[in-house]
Protein chains: 2
Amino acid sequence: MSQLTLPDMICFALYSANHAMQRVYQPLLAPLGLTYPQFLVLMALWEEDGRRVTDLGRALGLESNTLTPLLKRMEAQGLVARARDEQDERQVRVTLSEKGAGLKAEAGHISRCIFDACGLEVERLTALRDQITALRDRLAG
Amino acid sequence: MSQLTLPDMICFALYSANHAMQRVYQPLLAPLGLTYPQFLVLMALWEEDGRRVTDLGRALGLESNTLTPLLKRMEAQGLVARARDEQDERQVRVTLSEKGAGLKAEAGHISRCIFDACGLEVERLTALRDQITALRDRLAG
DNA sequence: TCTGATTAAATCGCGCGCGATTAAAAAGCA
DNA sequence: TGCTTTTTAATCGCGCGCGATTTAATCAGA
């Protein structure tokens, strides 16, 4: 069998599609002063506020060595607050500020732009998402 | 309609699947002293050696601000050589060293490990790859 | 109660990825 | 020929992402 080339590889498809996605998000998030990972953190907090760093890490698939500096930058921008848990001082709870919570209003518009850029009907996009998620879980498992 | 959560979003599926993929590659590449993007560059050069930085950028979807430092690191490791083109001194040709070319022998084993980790039959994996690639092209287009 | 193990964040260093800019070579054109 | 425009890499700064380690709090067990 002849050697695989870049376009043949599922890994490169994921790699390049992920970059393409982030490039679509960038001009939508820049006016809000957000990076793409910061937007994902906001998503997680809009769903459930006051999570611990570990919880955010589990939701996003990231470790504290990535999240701590990222959350500090978000705190510096007044998007979230970070505070040690009263019961367990090892843990840090991350809470949305008014500004951070307010940005949720923009999320709908952004999601619609992304959906349009995907150029697929909802059913096909959902099916594709589920296949990619299932692949991720097998890779991580 | 209620707000989308992280697992609902195709963007997060791509983001997390891409990370999961790189985490599978990492222990396979580390013994060769390669990072994942460096492996992709080698893939591109195994397919066609002596490409210009621009050509590699087009193949990988990257700019010179990413590639130049990456290629310098690969040159420092003796994987490739970088040389200005004789005809057009603006361009830099990247050529595989013997060491860089030799690593191709390991690629088959790595690809097989990745395929196994995906846990899908070839037909399904190919179909998924094509859908992801098509999505990427719509996002980039 | 004290001591060692475990857990949660934080810290450090390094390699991407990219927006913005710069430097230099080549191409286009009066 | 000279001058401008375009093309190609390189440079710079910053934000991730992560392997490795550290610090501090909590837990478990004698």
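Atom set for the values below is all heavy atoms of this structure, side chains included, hydrogens, waters and symmetry mates excluded. A note on names: the letters A, B, ... follow the listed sequences, proteins ahead of strands, and every chain is numbered from 1. Values in this document were obtained by computation on a predicted structure and should not be read as measured data.
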Heavy-atom side-chain contact between [X] and [Y] under 4.5 Å:
X: A:S97; Y: A:V80; answer: no
X: A:L103; Y: A:L79; answer: yes
X: B:L40; Y: A:L6; answer: yes
X: B:R93; Y: B:E86; answer: no
X: A:I10; Y: B:M21; answer: yes

Provide, to the nearest angstrom, the distance between the [atom1] atom belonging to [X] and the [atom2] atom belonging to [N].
X: B:L79; N: C:dG15; atom1: CG; atom2: P; result: 13 Å
X: A:Y25; N: D:dC16; atom1: OH; atom2: C1'; result: 17 Å
X: A:L56; N: C:dA9; atom1: CG; atom2: P; result: 9 Å
X: A:H19; N: C:dG19; atom1: NE2; atom2: P; result: 11 Å
X: A:L67; N: D:dC18; atom1: CG; atom2: P; result: 10 Å
X: B:N65; N: C:dC16; atom1: CG; atom2: P; result: 13 Å
X: A:R52; N: C:dA10; atom1: CZ; atom2: C1'; result: 16 Å
X: A:R23; N: C:dG19; atom1: CZ; atom2: P; result: 8 Å

When you check the phosphate oxygens OP1 and OP2 of [N], does a side-chain N or O of [X] lie under 4.0 Å from one of them?
X: A:R73; N: D:dC14; result: no
X: B:T35; N: C:dC16; result: yes
X: B:Q38; N: C:dC16; result: yes
X: A:K72; N: C:dT11; result: yes
X: A:R84; N: C:dA9; result: no
X: A:Y36; N: C:dG17; result: no
X: A:R82; N: C:dA10; result: yes

Indicate every side-chain donor-acceptor pair of residues 123-130 of chain A with a distance under 3.5 Å to a residue at least two apart or in another chain.
residue	atom	partner	partner atom	Å
A:T126	OG1	A:V122	O	2.8
A:R129	NH1	B:D8	O	2.8

On DNA chain D, does the nearest nucleotide to A:S64 precede the nearest nucleotide to A:L70 from the 5' side, or the other way round? Give the residue.
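Looking at the nearest nucleotide for each, A:L70 comes out on the 5' side.
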
Given DNA chain C, 5'-ward residue of the pair A:Q26 and A:V53, judged by closest heavy atom
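Closest to the 5' end, via its nearest nucleotide, is A:V53.
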
Checking all strands, does B:E63 fall into the base, sugar-phosphate, or nothing category for heavy-atom contacts under 4.0 angstrom?
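Result for B:E63 = nothing.
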
For nucleotides 22-29 of chain D, just jot down a letter per nucleotide in 5' to 3' order: B, S or -, based on protein non-hydrogen atoms under 4.0 Å.
---BS---

Students often mix this up, so state it plainly: with edges at 30° and 60°, are the rings of B:F39 and B:W46 parallel, tilted or perpendicular?
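Ring orientation of B:F39 relative to B:W46: perpendicular.
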
Does any N or O donor sit under 3.5 Å from an N or O acceptor when you compare the side chain of A:T54 with the base of C:dA8?
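No pair found.
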
Answer yes or no: side-chain N or O of A:T68 and base N or O of C:dA9 forming a donor-acceptor pair under 3.5 Å.
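No pair found.
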
In terms of heavy-atom contacts, does CD of A:Q77 have more than 12 from other residues, nucleotides or ligands at under 6.0 Å?
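Check passes, neighbour count above 12.
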
